[in-house]
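Working notes for the structure below.
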Amino acid sequence: MSLRIATWNINSIRQRLGHLKDFTDSHGPDVLCLQETKVQDSEFPLSDLESMGYEEVFFHGQKSYNGVAILCKKAVQSHQKIVWCNKDDRRHLSVTLNNGLEVHNFYVPSGGPIPDPEQNDKFAHKIQFLKEMAKWVKNPDIKDKKLILVGDLNVAPLEKDVWNHKKLLKSVGHTPLESDLMAGLRQSGDLIDVGRHFVPDDQPLYSWWGYRYKPSFEKDYGWRLDHILATQSLKPALKKFEIVRHTRGWEKPSDHVPNVVDIDV
DNA sequence: ATGGCGCCTACGAGGCGA
């Protein structure tokens, strides 16, 4: 049986309900992880999502910023929230499916404008967050699990994960320090970079195109900030991967597009 | 060298994204 898991930073769930309907109709993910829902739980549009065919919907949000959700076509065994960096800022949710597979959904801090933890508290927060993640996946229990880690990790670690490697080396999201921390995260948990499992490192692969420079998508000035990582035991089960680029061309789109993986379970 | 736009809150303009 094939299980489809998707991750999408939708930049406000209430602004994107139409796009969510279109994406779930066309791709029908069994588990859909969302980031930047930007809504407190009391205002979460639960019935709209249930009507898209999701039996269980988990959400962990706050007013204005951050917020994550997981939509599940079928009821799950359990769900969990982990607090990172001692801040309850709604950046993680996970579910354990009935077959034991764990799906962890992350929204890593963007890191602010200056890539220096001394000058910029937001960058220091991002570094700390990535280090905590690496420490967490280092737990030997994790290696024995069937575990998928997805989300907006806000780092494009490889040269071909950005449209201009040399130009962006000093930009937050593509600094050598952040790329090293991402490599460390993967090594700590012996995790597979699912995107690069399917698309070779020397080919451009992007999931985000900024709003600020209007023609960024037409010019393909993209970054791969969204990721799917998997524990080694899932390697033979990985069947298909897609970055659904065309959603960036929709009317009033999110600046991120969905990453989708199919797993044989 | 910088900003661009879009979304938030809440009604003017500033915070945030990356």
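We name chains A, B, ... by the order of the sequence lines, and we start the count at 1 in each one. Excluded from the calculations below are hydrogen atoms, water molecules and symmetry mates; all remaining heavy atoms, backbone and side chain alike, are included.
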Which residues share a salt bridge (Lys or Arg N to Asp or Glu O under 4.0 Å) with A:Asp25, sequence neighbours left out: A:Lys21

Quick one: list whatever passes side chain to side chain donor-acceptor pair (under 3.5 Å) with [X], sequence neighbours left out.
| X | result |
| --- | --- |
| A:Glu50 | none |
| A:Asp220 | A:Trp209, A:Arg245 |
| A:His165 | A:His174 |
| A:Trp208 | A:Asp255 |

Between B:dA13 and B:dA1, how many Å separate the two C1' atoms, rounded to a whole number? 25 Å

Separation between the P atoms of B:dG6 and B:dT2, rounded to whole Å: 23 Å

Protein-to-nucleotide contact annotation, 5' to 3' order, nucleotides 8-18 of chain B [B base; S sugar-phosphate only; - none; under 4.0 Å, heavy atom]: SSS-----SBB

NZ of A:Lys170 versus P of B:dT2: gap in Å, rounded? 13 Å

Parallel, tilted or perpendicular: which one describes the rings of A:Phe23 and A:Trp8, with boundaries at 30° and 60°? perpendicular

Contact under 4.0 Å: A:Lys252 side-chain N or O vs B:dC7 OP1/OP2: yes

Any side-chain N or O of A:Lys214 below 4.0 angstrom from OP1/OP2 of B:dG6? yes

